[in-house]
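Here's the structure, in structure tokens; my notes come after.
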Amino acid sequence: MWTVFKLQWQRLFKNPLVVLTFLGLTVLFVNFLGGIQSDQKIITRTYSEELTIEELDEWITKLNEDDTFVFEASDYDSIYERIRMNETSFALELNEESYRFLVGREDMELSPIIQHVDQVFSREKRIAQLEESDLSEAFELQTFIELTTVLSDDESNVSQGFPVAILAGVTFYFSAFSIFYLMINLIEEKKMGTWNRLIFSPLSKTKIYLGQMLHYFLVGLVQIALSFIILSNLIDVDLGTNYVPMLVVILSFIFAIVSIGMFIIGIVSSPQQLQIVIPIVATSMAMIGGAFWPLEIVNNRILLFLAELMPIKHGIQGMMGVVNQGSSVSEVFVPIATLLFMGVFFMGIGLNLMERVSEKSSL
Amino acid sequence: MEKVVEIKGLKKVFGKTQALKDVSFDVTKGEIIGFIGPNGAGKSTTLRILLGLIKADDGQASIFGKDVWNDAVEIHKRVAYVPGDVNLWPNLTGGEVIDLFLSMRGQKVDKERKEELIKRFEFDPTKKCRGYSKGNRQKVALIAAFAADADVYIFDEPTAGLDPLQERVFQKQAREVKARGASIILSSHILSEVEQLCDTVAIISQGKIVESGSLNELRHLTRTQIIFKTKEDVPSLADQDFAHNVAHEKGETIFQLDSDKMAEFLRFVEPYHVTKLESAPPKLEDLFMRHYETTKGGV
Ligand SMILES: Nc1ncnc2c1ncn2[C@@H]1O[C@H](COP(=O)(O)OP(=O)(O)OP(=O)(O)O)[C@@H](O)[C@H]1O
Ligand SMILES: [Mg+2]
């Protein structure tokens, strides 16, 4: 078994392009998808017709004290142009005694910003009033209640849950790709006749298959682990330290994928056909399974039902449970069990198909 | 003699072709058996069944008394195999593949023996298999086979890609293995190779063993070429049923004599004052060619 296992690695190291490509693509993709979703803070462009530049800057510094929001000085003309071109949806106008929002289009972000500006503005006004009165000597500015502003609730759910789902989804997608592609090797070995070399060795078929599958398994595991490590350092997603459940979810997922791979190569027995079938299967599985967008936005019942059949959906669900809720193994039991069941099911059929084919036409 | 390989009544059908109809032969310990027959006769199919690569439809085949299909794993520990067309992993080097083959056997690799074989076969193990010629790929399998301590060697046209010099190396190696007490099944087209190397032959044609036995036994079935000259004319030699293809040349008579009818011929020719009598030893080739011809007629 270890000989077969070693052989596969030997071959992989001489030709690691596929796996490296998919690893690279994972990083690229997640960065891209994740980048759109979070990361960007809304910039509120601010201008004034009455205040001097210094006064405006002073206000902006005060507004920027809370770093949930970003305010930036600008001038009316450029803001007007931006709103007109739909590049910005709103802007803030500050005057001596008042402020005003210039709104080109409704935006979810707007109301917390209005709240924030209102707060800062009234506080400053109060301080100014106090300073003008005689009490100013005895007065010391103190913050009694620390107010923290977070972007609205449902908003934060999406933006925190979404990157994990994407991260897991895309990583799983590309690792499935790698595993499937490597499995073409097995078919090629059968075609080339080197498979017979393995059969004709004092290794039982079970051991040969085990050696092969262990190899795919490990490649998948390494790829997923590397992707997670690279990505959680690159983008702002915290995968937490819930390692054991996470590993169990990942292993179950890889098992399901390896099994489905066996099933596919049991049906499709030419390398050329596999080159076509694999991207189709992997991609549609990922799309239906919600690797690229959250399934919450899907309404179609049939699609939602199909999603249940996709291992990637359960993999993502498991990962989200583990990362977002800190679930233990038993709490993500359902996705894990589903994955394991799929694994056993497809492996059984796949191996049977393959052995039937090889018994008939072994060269 | 101890039988290491026993094959009885093997049958195999591929779709509509009946590749094997009835194949039976035995191999004893320390014997080299030549397995010969025309293209498509069923040699490779028989050997693949022996190797447990395909399953026979009917009949028994055993090596070391174990069933070749059910006990394949056990058997393979003591069997080495070289096919006529060796397939290798294209991105590994020849040396790596040899090591791999040997490590698959689960035995310790005899490094010295391996190096010695690499030298004898004048093989360069550092190149990628992708770039090897047919002969070099074959050398990989041959070196791995001979470096392994097997008890049965199965060769399916192993020298098809080797040059004559390397063929000699192969024969020498095969004899060494035989001297050690191992058995060899050698399927071949090259008669001279079989004649030089083998103790027994089995001739297969259209999925059936048509002749088998020791080389000497089989020579009885062949015809001896006789050239003779007599003072008096010999009447009607062509009418005798032991004589075939009678021809006259420069006063000499040339004909084919059934090898087991020598005494009869001598009695017949004696009264006519024989002045010259030459006999050429029987050639296996003639026997072989006879079977080739029947195949051609049959297809
Ligand atoms: N996998 C297969 N599928 C269908 N037919 C096959 C298969 N393998 C062999 N045959 C057929 O079985 C017959 C015997 O083939 P086999 O390869 O055993 O011949 P052979 O004696 O080794 O010939 P050669 O001297 O050319 O190597 C041939 O008619 C061949 O076409
Ligand atoms: Mg053949």
Side-chain angles (χ1 to χ4, degrees), chain A residues 1-20 181-212 214-216 219 269-271 352 354-363, chain B residues 12-15 44-45 47-57 63 68-93 95-107 109 128-130 137 140-141 144-145 148 150 154 156:
Chain A
M1 181 172 89
W2 297 113
T3 320
V4 179
F5 180 69
K6 212 182 88 192
L7 164 70
Q8 297 309 321
W9 281 103
Q10 222 171 346
R11 295 183 61 199
L12 178 62
F13 282 133
K14 301 233 164 161
N15 209 346
L17 205 68
V18 171
V19 175
L20 288 183
Y181 259 106
L182 284 180
M183 280 178 143
I184 297 182
N185 276 345
L186 201 153
I187 293 295
E188 265 172 358
E189 283 209 33
K190 288 201 170 176
K191 282 267 134 61
M192 276 194 307
T194 49
W195 181 257
N196 275 347
R197 264 287 149 188
L198 298 178
I199 296 292
F200 171 71
S201 68
L203 296 168
S204 66
K205 277 191 185 170
T206 327
K207 281 192 181 154
I208 295 171
Y209 278 121
L210 269 180
Q212 300 266 0
L214 207 66
H215 164 74
Y216 305 131
V219 171
S269 51
S270 94
N352 262 319
M354 214 139 47
E355 276 313 287
R356 224 189 43 220
V357 172
S358 66
E359 227 169 272
K360 252 197 238 154
S361 69
S362 172
L363 283 168
Chain B
K12 179 74 191 178
V13 179
F14 291 113
S44 300
T45 306
L47 297 185
R48 281 206 290 266
I49 290 173
L50 274 183
L51 292 163
L53 295 175
I54 48 175
K55 198 173 174 178
D57 297 334
I63 301 182
V68 289
W69 180 256
N70 294 321
D71 301 322
V73 175
E74 267 309 299
I75 293 173
H76 292 170
K77 286 179 190 159
R78 297 165 61 193
V79 174
Y81 166 55
V82 177
D85 200 0
V86 179
N87 300 301
L88 305 169
W89 294 271
N91 56 5
L92 300 187
T93 67
E96 283 169 334
V97 172
I98 293 175
D99 286 344
L100 180 80
F101 281 177
L102 289 172
S103 71
M104 275 196 293
R105 309 183 61 84
Q107 296 168 342
V109 179
K128 289 251 166 98
C129 290
R130 192 192 314 282
R137 288 202 305 272
V140 170
I154 297 180
D156 193 355

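Any value given below was found using the heavy atoms of this structure, including those in side chains, with hydrogens, waters and symmetry copies removed.
Residues A:F200 and B:V79 form a side-chain contact, since some pair of their non-hydrogen atoms from C-beta on lies under 4.5 Å apart. Side-chain contact check for A:R197 versus B:P83: some heavy-atom pair is nearer than 4.5 Å.
Looking only at atom types and distance, the side chain of A:Q10 has no donor-acceptor partner in the side chain of B:W89 under 3.5 Å away.
With rounding to the nearest 0.5 Å, the separation of CG in B:L100 from CG in A:L7 is 5.0 Å. To the nearest 0.5 Å, the span separating OG1 on A:T194 from CG on B:L92 amounts to 9.5 Å. Expressed to the nearest 0.5 Å, how far OG1 of A:T3 lies from CZ of B:F101 amounts to 12.5 Å.
Within the 4.5 angstrom heavy-atom criterion, atoms from both the backbone and the side chain of B:L51 approach chain A. Only the side chain of A:E189 comes within less than 4.5 Å of a heavy atom of chain B; its backbone N, CA, C and O stay farther away.
Between the B:H76 side chain and the A:S201 main chain, a donor and an acceptor come within less than 3.5 Å of each other. Using modelled atom types, one side-chain atom of B:N87 and one backbone atom of A:M192 make a donor-acceptor pair closer than 3.5 Å.
Annotation for B:M104 and A:L198: closest pair SD-CD2, 3.6 Å, computed over non-hydrogen atoms.
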